[in-house]
Each structure stands twice: as structure tokens, then as C-alpha cells.
Amino acid sequence: MPEIVFDSVEKSYGPTRVLEPFDLHLADSEFTVLVGPSGCGKSTTLRILAGLETLSGGEITFDGNPISHLDPKARDIAMVFQDYALYPHMNIAKNMSFALRLKKVAKSEIDERVQRTADLLNIGHLLDRKPAELSGGQRQRVAMGRAMVRDAGTFLFDEPLSNLDAKLRAKMRTELAEMRNTIDKNMVYVTHDQVEAMTLGDRIVVMANGVIQQQGTPEDLFKSPVNKFVAGFIGSPTMNFLDGDLTDVGGTMTVAGDGFSLPLSDALAARLRTHGGKAVTLGLRPSSITLEETAGAAIDLRVIVAEYLGAQSVLVTRCGTEDVLVEANSATPIAPGTIRTFGVLTDELMVFDRTSGLRI
Amino acid sequence: MLANANRLTPYLFLAPAILILAVALMYPVGYMIWASFLDWNPSQRIAEADFVGLRNYTNLFSDAAFLESLGVTLRFAAVVVTVEMVLGVGLALLLDRQLRGMTILRTVFILPMMIAPIVVGLMWRYMYHPTVGILNRTLKSMGLDPVPWLSDGGWAFTSVVIADVWQWTPFIFILSLAALQSLPKSAMEAARIDGATGWQLIFYIKLPLMMPVLIVTALLRLIDAFKVLEVILVMTNGGPGLSTEILALRISRTASEFRELGYAAAMSNLLLILLMVLTLAMFFYGKIMDARAARIRAEAEEAV
Ligand SMILES: Nc1ncnc2c1ncn2[C@@H]1O[C@H](COP(=O)(O)OP(=O)(O)OP(=O)(O)O)[C@@H](O)[C@H]1O
Ligand SMILES: [Mg+2]
């Protein structure tokens with residue numbers, strides 16, 4: 001399956017620039033996840049790759065061959081559309097088999113493949129219906145099935161699970177994860193869902209406002225985000241950000257702000273010494289704050305609400321005027337309204353330049 | 001009591017409209033039906049005419065001229081609607097794209113439809129004129145033989161068809177274009193990704209999705225084609241011979257030239273029945289589609 005390279009690809013609609021020039025390298029058989037807030041250009045990127053939109057600059061190559069002049073048909077791509085895009089006049093079986101029928105695949109094989117895929121997606125009993133007679137989630141599964149019956153080299157998924165209930169979504173996610181490991185295809189997957197992005201992606205590409213912020217493995221993005229945006233986007237519950245100033249307290253680099261003063265680890269301090277500015281934003285993951293105050297640097301937080309999730313709870317607390325999320329074991333009862341000292345694992349802190357947002 | 005009154009209220013409000021409709025529509029139709037049973041000369045008052053029962057109708061089927069005229073009408077309608085559908089839909093498929101100047105082009109395309117039929121007839125008659133008409137002049141300048149556009153039976157029919165196609169293709173074109181532009185764009189994109197070529201896209205996606213509109217359009221045109229009169233009246237007046245004498249023309253001649261009002265009424269009724277059948281076909285097409293959708297839904301529900 002092709003190695004796909006975007007070489008300074010850009011896209012404008014008239015005067016509006018939707019995608020800034022970007023480079024992207026999708027290795028053979030890689031599962032790439034595009035994430036980013038609504039309107040950042042994820043669908044546009046997929047549509048350019050599929051050949052549904054022309055690009056305004058740059059070039060896309062498959063194994064080194066430029067393809068931007070090629071029809072969608074010639075790109076050997078299957079796609080799940082964000083709005084399903086089913087054929088309204090065909091029943092589900094016909095919808096799913098359309099590409100195979102155009103390719104003149106033998107009827108018995110078509111039937112077999114359609115049935116197998118439909119059963120996998122739990123839509124086997126709907127094959128005779130028209131799309132208008134299905135629920136949103138069922139249509140979405142048909143859209144998924146229509147792509148999956150095909151034997152394309154590259155699969156594009158535009159938020160394919162967004163309309164499914166939690167249980168079905170988890171099942172489909174497993175299914176996709178398995179597909180990713182067993183079949184040797186390129187997959188590009190757009191999602192809003194943290195868990196989907198982290199569990200499925202070999203590589204995650206974080207986009208915002210038509211600009212790729214960072215790309216890398218899920219671990220890369222989680223452990224070393226390049227900026228505040230990526231740090232805030234990857235990980236659930238989301239990272240807490242506290243504005244503070246760098247100070248030197250008795251030889252220890254410390255970030256102090258409204259209601260907190262946290263010492264930095266030596267490694268971080270070393271990096272910060274060469275950094276000129278004083279105004280920074282501190283990033284703490286909810287998982288880096290523990291109930292044991294002795295586990296790290298102390299911070300006093302007022303607990304506002306405790307969101308019970310089962311074994312874990314997310315505590316919404318306040319530090320000065322900022323909300324701070326804390327991930328805590330539900331075993332320890334915590335009454336809302338109390339002020340409590342928590343321990344911060346200072347090794348896991350991140351510091352961002354407050355003006356540029358870049359991680360230091 | 002009150003409930004009863006409430007149920008009647010709508011009819012009360014409808015009553016004036018129904019009354020006017022009854023008078024304006026049913027009276028002439030009833031008059032025509034009654035007349036078709038009479039041997040009625042325009043110099044007589046209707047009460048003086050002899051009642052002849054179904055004779056007018058039975059005569060119709062042994063009247064070679066009438067049958068010829070019916071044949072011409074059927075042939076004309078079939079040819080005209082087929083050609084117009086193919087051209088109109090074809091043009092719509094061609095011009096369904098965002099190009100500069102397309103709006104102006106579309107407007108130009110629908111101009112013929114806006115011209116009064118009499119004017120269209122006159123215009124074409126001049127163009128078909130054997131010596132000074134633009135068509136024969138052009139042929140001549142190219143060194144070709146002139147064509148007897150309106151003076152030869154076979155050609156006259158073709159000429160009349162051409163004029164009608166010229167005037168009414170735009171009708172099909174704009175309706176098809178509207179249908180095309182309201183098709184779901186994303187289904188088209190999905191088909192392109194699924195590997196459909198341009199033609200496959202047209203035959204498997206666009207045309208099937210346009211079909212309900214196309215069927216209604218074709219029926220509307222068909223009904224209209226059965227009633228065409230003015231253009232042909234002006235161009236050929238039915239000639240040469242009976243080659244272009246469509247039913248409407250035959251009826252008007254029977255009434256005004258042969259002065260057989262009863263007979264003309266019988267013809268009109270037959271035409272009316274023909275049109276009624278078409279209209280009902282259209283109506284039932286809609287019904288059948290609805291019923292089909294309902295049945296599928298019911299089956300689907302059962303299957304759950
Ligand atoms: N045809 C168009 N003309 C002008 N602007 C467009 C067009 N299509 C998309 N855009 C703009 O391009 C930007 C990116 O759109 P895109 O559909 O790629 O977003 P997205 O990341 O997929 O968002 P979502 O998560 O909501 O699906 C948006 O700001 C949108 O308004
Ligand atoms: Mg999108």
C-alpha cells in the first residue's frame with residue numbers, strides 16, 4: 001500500500017485560507033489519526049487526499065508518484081463520509097456492493113463479502129432497506145460497511161463512529177484496532193474522541209486553524225507536546241493550566257501564581273535557566289496531582305465538585321480563580337467545599353511560554 | 001351539535017369555490033358531453049339538434065381521416081416528447097456545472113419557451129420558406145439542394161417536430177437542471193470514490209435519483225403535446241394532405257369547416273379521455289410510489 005507524502009500542500013477557498021502549507025508523511029500501512037477542533041480542516045485534508053477537492057498548492061505523492069491530477073477513482077481509496085453520503089435510491093446491500101459491482105466482481109463473492117461485513121457491523125438484518133429507513137447510527141455503520149467491503153489501498157474515515165452509542169462504539173473501536181493490526185492498509189482517521197485517537201493511532205496529527213500543530217505517536221504527544229494547544233488537546237481529563245511567574249526561592253526554580261507556588265524539577269529548571277522570560281503557564285495533568293500531600297510539592301485546592309466515575313473520580317477544584325481537575329481514587333471520600341492539600345508530582349509538570357504558548 | 005358544526009365548517013368555506021368550479025368547469029364539459037350525442041349544426045340552437053346516441057362515437061372509429069389524425073397526434077407526441085426528453089436531460093447534464101457565464105447561457109436557453117406559440121409558428125414558417133427562408137438559403141449557399149420543408153408530407157411532419165422541440169426542450173432542460181442541482185452532492189462524491197466513471201455516475205446515480213421528476217416532466221409534456229394547436233395551425237394548417245393534422249386541428253376544422261358540432265364534441269371527448277388517462281397515470285404513479293415506500297417501511301418494521 002502506498003507511502004503517502006503531502007509536500008507543502010495548501011488549500012484556499014477563494015481568499016480564505018483553510019489549510020496552511022503543510023508536510024505530512026504517512027508511512028506504508030500506518031494508521032494516522034487527525035484530531036483537532038471543529039472547523040480546523042480535518043475533513044478538507046481527507047477530501048484533498050481523496051481527490052474530491054483540488055489543492056491550491058503543493059503536491060501529494062503515492063510512493064513518489066504525484067497524484068494531485070488523478071481522479072478519485074484512480075487513487076484506490078475507500079472513504080467513510082462524515083455525513084454518510086449513502087445512495088438514497090439503493091438498498092443497503094446495493095449501497096455496500098456498488099464499488100464491487102462497478103469492478104465486475106463475481107456476484108457470489110459480492111454477496112459473501114457484503115454479508116460478512118454487514119454481520120460484523122450488526123446491520124445484516126437491514127440489507128433490504130433504503131437509507132431513509134435507518135437511524136443515524138445504522139446509516140453510519142452502513143457507510144462504514146460500504147468502505148470496508150472494498151479492497152482499497154487506503155481507507156479514509158471521517159468521524160465514522162460519532163453517532164454510535166458507547167457500547168457499539170467501543171466494539172467498533174476494537175474491530176478497527178484489529179483491522180489495523182491484521183490488514184496491511186493505510187488508514188487515515190478523523191475523530192474528536194481522545195480515546196479513539198490514542199487507542200487507534202500509530203501516529204496522531206493534531207491540527208488547529210488549518211495548521212498542523214504536532215504529529216507523532218500517542219506517547220510522544222502525551223509526554224512531550226510542543227505547545228499548550230496540543231497539551232490541552234491530548235489526554236483526558238484535560239491538562240490544567242495555571243499562569244505564574246518564575247522565581248528563584250533559595251536556589252530552587254519555582255513557579256508562583258495565584259494560590260500556588262510549585263518548585264520545578266532539576267531537569268526542567270535547567271532548561272528554564274536559559275529561557276529569558278518570566279511569565280509562564282504551568283501545565284499539570286490531572287493524574288499528576290495526588291491525594292497524598294507528601295508525594296510531591298504541596299498545593300492547596302478547594303474542592304468544588306467530585307465527579308464520580310466509578311473506581312476513579314474527577315475532582316473539580318479551584319486554585320485562586322482557576323479550575324483545576326484532579327484524578328483521584330474514589331476510595332477516599334472527599335466532601336465538596338473543603339480546602340485540602342494535594343501533592344503535585346513535580347517531575348510531570350510542563351512549563352509553557354505564556355505569550356507564544358510553546359513548551360519550554 | 002357543536003362538533004357537527006365544526007365538521008361542516010370547512011365545507012361551508014369551500015362552498016363558493018366549489019360552486020364556481022362547478023359552473024366554470026363542469027358546465028362546459030357537461031355541455032360538450034351532451035353535444036357529443038347530438039347531430040348538431042352551428043345554425044341550430046342546441047335544443048333543435050337531433051339526438052343520435054352514440055353514433056358520433058361509432059362513426060369516429062370508421063372515419064379514416066380521424067384515425068389518421070389520431071395517428072399523427074400519437075406519433076407527434078411520442079416523437080416530440082422522446083426527443084425533448086433526451087435533449088433536455090442531456091443538456092442539463094452537460095450544463096450542470098459552475099462555469100462563468102452559465103447563468104446567462106441558461107437564461108438564453110429558456111427564451112423559446114417564453115415566446116407566444118403563434119409567433120413561434122410564424123417565425124418557423126418564414127424560416128422554412130422554400131425560397132427566402134433562412135434554412136433553404138443556407139443550404140443553397142452551401143451548394144446543397146433546397147428541402148421542401150413544409151410542402152412535402154414527410155418533411156412537414158419533421159419540420160413541425162423540429163419547431164416543437166425547439167420551443168419545448170428548454171422546459172425539460174430547466175426542470176432537469178433543477179432536479180440535478182438538488183441531488184445530494186455527497187452521494188455523487190461517494191460514487192466517484194467508489195470508482196464510477198462519468199457515464200456510470202449518470203446512469204447509476206444521477207438519472208435514478210432524478211427519475212421521479214423526469215417522469216412527471218415527461219407526462220406534463222405529453223399532455224401538452226396532445227393539445228398542441230397554434231404552432232402547427234400557423235405553419236402547415238395540417239397539410240400537406242393530412243400529414244400534420246393533429247387532433248386539435250381536426251376538431252377545430254370539424255367544427256368550423258365541416259360544421260358538425262356534435263362530431264367535433266365527440267372527438268374532443270376522446271382527446272379528453274386520452275389526457276385523463278395520462279393524468280391519472282401521473283396521479284397513480286405518485287400513489288404507487290407512496291404505497292411502495294409505505295410497504296417497504298412496514299416490512300422493515302416487521303423484520304425488527
Ligand atoms: N466549500 C467551502 N468554501 C469555503 N470554506 C469552506 C468550504 N468547505 C469548508 N470550508 C471551511 O474550511 C474550514 C475547514 O473545514 P473542514 O470541513 O475541513 O473542518 P473539520 O475539521 O472537518 O471540522 P468538523 O470537525 O466540524 O467536521 C472550515 O472553517 C470551513 O468553514
Ligand atoms: Mg469534518
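Side-chain atoms are counted along with the backbone in the values below, which use heavy atoms only and exclude waters and symmetry mates. Just so it is clear: chains get the letters A, B, ... in the order the sequence lines come, proteins before strands, and each one is counted from 1.
Cation-pi contact between A:Arg203 and A:Phe31: absent, since separation from the ring centre below 6.0 Å together with deviation from the ring axis within 45° is not met. With A:Tyr13 as the aromatic partner, A:Lys11 meets the cation-pi criteria of under 6.0 angstrom to the ring centre and within 45 degrees of the ring axis.
Heavy-atom pairs under 4.5 Å with chain B were tallied for A:Asn91, A:Asp76, A:Leu102, A:Leu156; the largest tally goes to A:Leu102. For the set B:Ile205, B:Thr197, B:Asp194, the count of heavy-atom pairs under 4.5 angstrom toward chain A peaks at B:Asp194.
A donor and an acceptor atom, one from each side chain of A:Thr191 and A:Glu159, are nowhere located under 3.5 Å apart.
Using a 4.5 Å cut-off between heavy atoms, A:Arg47 touches chain B through its side chain atoms alone. With a 4.5 Å cut-off on non-hydrogen atoms, B:Gln200 touches chain A through its side chain but not through its backbone. At a 4.5 Å heavy-atom cutoff, the contact between A:Ile77 and chain B is made by backbone and side-chain atoms alike.
Between A:Asp202 and A:Arg180 a salt bridge is recorded (basic side-chain N to carboxylate O distance below 4.0 Å). Salt-bridge annotation for B:Asp164 and B:Arg221: present, with a side-chain N of the basic residue lying under 4.0 Å from a carboxylate O of the acidic one.
With A:Ser162 as reference, A:Gln140 is the one residue of A:His192, A:Gln140, A:Arg169 to meet the side chain to side chain donor-acceptor pair (under 3.5 Å) rule.
Between B:Phe76 and B:Phe157, the two ring planes are perpendicular [angle over 60°; tilted spans 30° to 60°].
Taking 4.5 Å as the heavy-atom cut-off, the residues of residues 143-153 of chain A that approach chain B are A:Arg146, A:Arg150, ordered by number.
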Throw together a table of side-chain donor-acceptor distances under 3.5 angstrom for residues 104-111 of chain A, partners on residues two or more places apart or in other chains.
from, atom 1, to, atom 2, distance (Å)
A:Lys107, NZ, A:Asp111, OD2, 3.0
A:Glu109, OE2, A:Arg113, NH1, 2.7

